[in-house]
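Comments concern the structure below.
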There are 2 protein chains.
Amino acid sequence: MSKQELTILGRAADDACCQGLASAPLDEQRAADLAKIFKALGDPVRLRLMSMIASREGGEVCVCELTPAFDLSQPTISHHLKLLRQAGLIDCERRGTWVYYWVLPGVLDRLAGFLAVPHSAKEPV
Amino acid sequence: MSKQELTILGRAADDACCQGLASAPLDEQRAADLAKIFKALGDPVRLRLMSMIASREGGEVCVCELTPAFDLSQPTISHHLKLLRQAGLIDCERRGTWVYYWVLPGVLDRLAGFLAVPHSAKEPV
DNA sequence: GCCCTGAATCGAAAAACGTCAACATAGAGG
DNA sequence: CCTCTATGTTGACGTTTTTCGATTCAGGGC
């Protein structure tokens, strides 16, 4: 359950951190990988899910706490969580009856690093 | 041509920078505003467009330089540029026959700040 | 004025997406 | 084993998105 295409996209975000959006034109492959990540964040429900998970003390949230926060059916939430997982943003683990989700460490920081031009690159001092 | 809904979404990203994704669960409104921005970046073509514009020495690119970089029709590129503009990420100006695009200053940094948890908030030291 | 070039808009078709109801699966606890 | 609860999966449907060709608009030059 916890291994999907995390590696690929994780790598994508990883590489991306070292060559930001504004440092050079993206090649098609990297653009495709990164677009998948941004697309995952490009939905209000998924953004809120991410926020609920990321802001959680302890880093983990049970699905049973996420679902009732929305006016959506349980399968829909499950579907959104799956997309976030396939984008390499979160992962999950079943523990008895419940499933817990957490944000993969470093992903958000790498993504932020990709967006923000490294200060040094901006101002050569 | 240069004033669309830039203000609204620009504000959204602005507020967001002060209350990151991981600091507290996003309310519906902010989630919707921010999702629009991420959705704009959630397409390979638009990501490449953003990158081509952002990485440009001088900060400006003529559409006539962007269009031939893709295997897509001119109207399609024009449409993607419009979406990026409506998301508050770029702006443009006509100069004679040509139209030039640039990345709105600070937008990418604010977005990055929204994603990356402020270091201080992470480690209270 | 007329035409030419660059870019945006319009209208339509195909593909992708978000959502649900129905069903399937995984554990816990009898 | 049977049942109950918590999640994931499937199939379908309406909406949105992506893309194009055709058209329109804006300026420059004749």
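In this text the structure is predicted, and so the values were computed from the model without any measurement. Any value given below was found using the heavy atoms of this structure, including those in side chains, with hydrogens, waters and symmetry copies removed. Every chain is numbered from 1 and lettered A, B, ... according to where its sequence line falls, protein lines coming before strand lines.
Within the nucleic acid shown, Leu83(B) comes within 4.0 Å of sugar-phosphate atoms alone, with no base atom in reach, counting heavy atoms only. Using a 4.0 Å heavy-atom cutoff across all strands shown, His79(A) reaches at least one base atom of the nucleic acid. Residue Arg46(A) is classed as a sugar-phosphate contact, given heavy-atom separations below 4.0 Å to backbone atoms only. Nucleic acid contact class of Ile77(A) (heavy atoms, under 4.0 Å, all strands): none.
In this structure, the NZ atom of Lys36(B) is 15 Å from the C1' atom of dT17(D), given to the nearest Å. In this structure, the CZ atom of Arg94(B) is 17 Å from the P atom of dT24(D), given to the nearest Å. Rounded to whole angstrom, the span from the CG atom of Leu72(B) across to the P atom of dT17(D) amounts to 18 Å. Put simply, CZ on Phe38(B) is 20 Å from C1' on dT17(D), counting in whole angstrom units. Distance, Gln86(A) CD to dG8(D) C1': 12 Å, rounded to whole Å. At whole-Å resolution of the value, CZ in Arg95(A) and P in dA26(C) are 19 Å apart. Atom-to-atom, CG of Leu66(B) to C1' of dA7(C) comes out at 12 Å; the value is rounded to the nearest Å. Whole-Å rounding puts the Tyr101(A) OH to dG8(D) C1' distance at 8 Å.
Side-chain nitrogen and oxygen atoms of Tyr100(A) include none within less than 4.0 Å of the OP1 or OP2 phosphate oxygen of dT7(D). Proximity of Ser78(B) to the phosphate of dA8(C): a side-chain N or O atom is located under 4.0 Å from OP1 or OP2. The shortest distance between the side-chain N/O atoms of Lys82(B) and the OP1/OP2 oxygens of dT9(C) is below 4.0 Å. Under 4.0 angstrom from either OP1 or OP2 of dC20(D) there lies at least one side-chain N or O belonging to Thr76(B).
The side chain of Lys39(B) lies closest to dT17(D), out of dT9(C), dT19(C), dT17(D). In the set dT9(C), dT19(C), dT9(D), the nucleotide with an atom closest to the side chain of Pro75(A) is dT9(D). The side chain of Val99(A) has dG8(D) as its nearest neighbour among dA26(D), dG8(D), dG18(C). With dG28(D), dC20(C), dG21(D) as the candidates, the nucleotide lying closest to the side chain of Thr97(B) is dG28(D).
When all heavy atoms of Leu115(B) and Leu108(A) are compared, the pair lying nearest together is O-CB, 3.6 Å.
Between atom CD1 of residue Ile53(B) and atom CH2 of residue Trp102(B) there is a gap of 10.5 Å, rounded to the nearest 0.5 Å. Taken from NE2 in His79(A) to CD1 in Ile77(A), the straight-line distance is 11.0 Å, to the nearest 0.5 Å. Remark: Arg46(B) CZ to Leu89(B) CG distance equals 10.0 Å, nearest 0.5 Å. Put simply, SG on Cys92(B) and OH on Tyr100(B) are 12.5 Å apart, with the number rounded to the nearest 0.5 Å.
Ring-plane geometry between Phe114(A) and Phe38(A) is classed as tilted, the angle between the planes lying from 30 to 60 degrees on a 0 to 90 degree scale.
Across Val63(B), Leu84(B), Leu49(B), a single residue satisfies side-chain contact (heavy atoms from CB on, under 4.5 Å) together with Tyr101(B), and that is Val63(B). Applying side-chain contact (heavy atoms from CB on, under 4.5 Å) to Ser51(B) and the options Asp27(A), Leu26(A), Leu34(A) leaves one that passes, Leu26(A).
Contacts between residues 53-63 of chain A and DNA chain C, counted as heavy-atom distances below 4.0 Å, involve no residue at all.
Side-chain N/O atoms of Gln74(A) and base N/O atoms of dG8(D) include a donor-acceptor pair closer than 3.5 Å.
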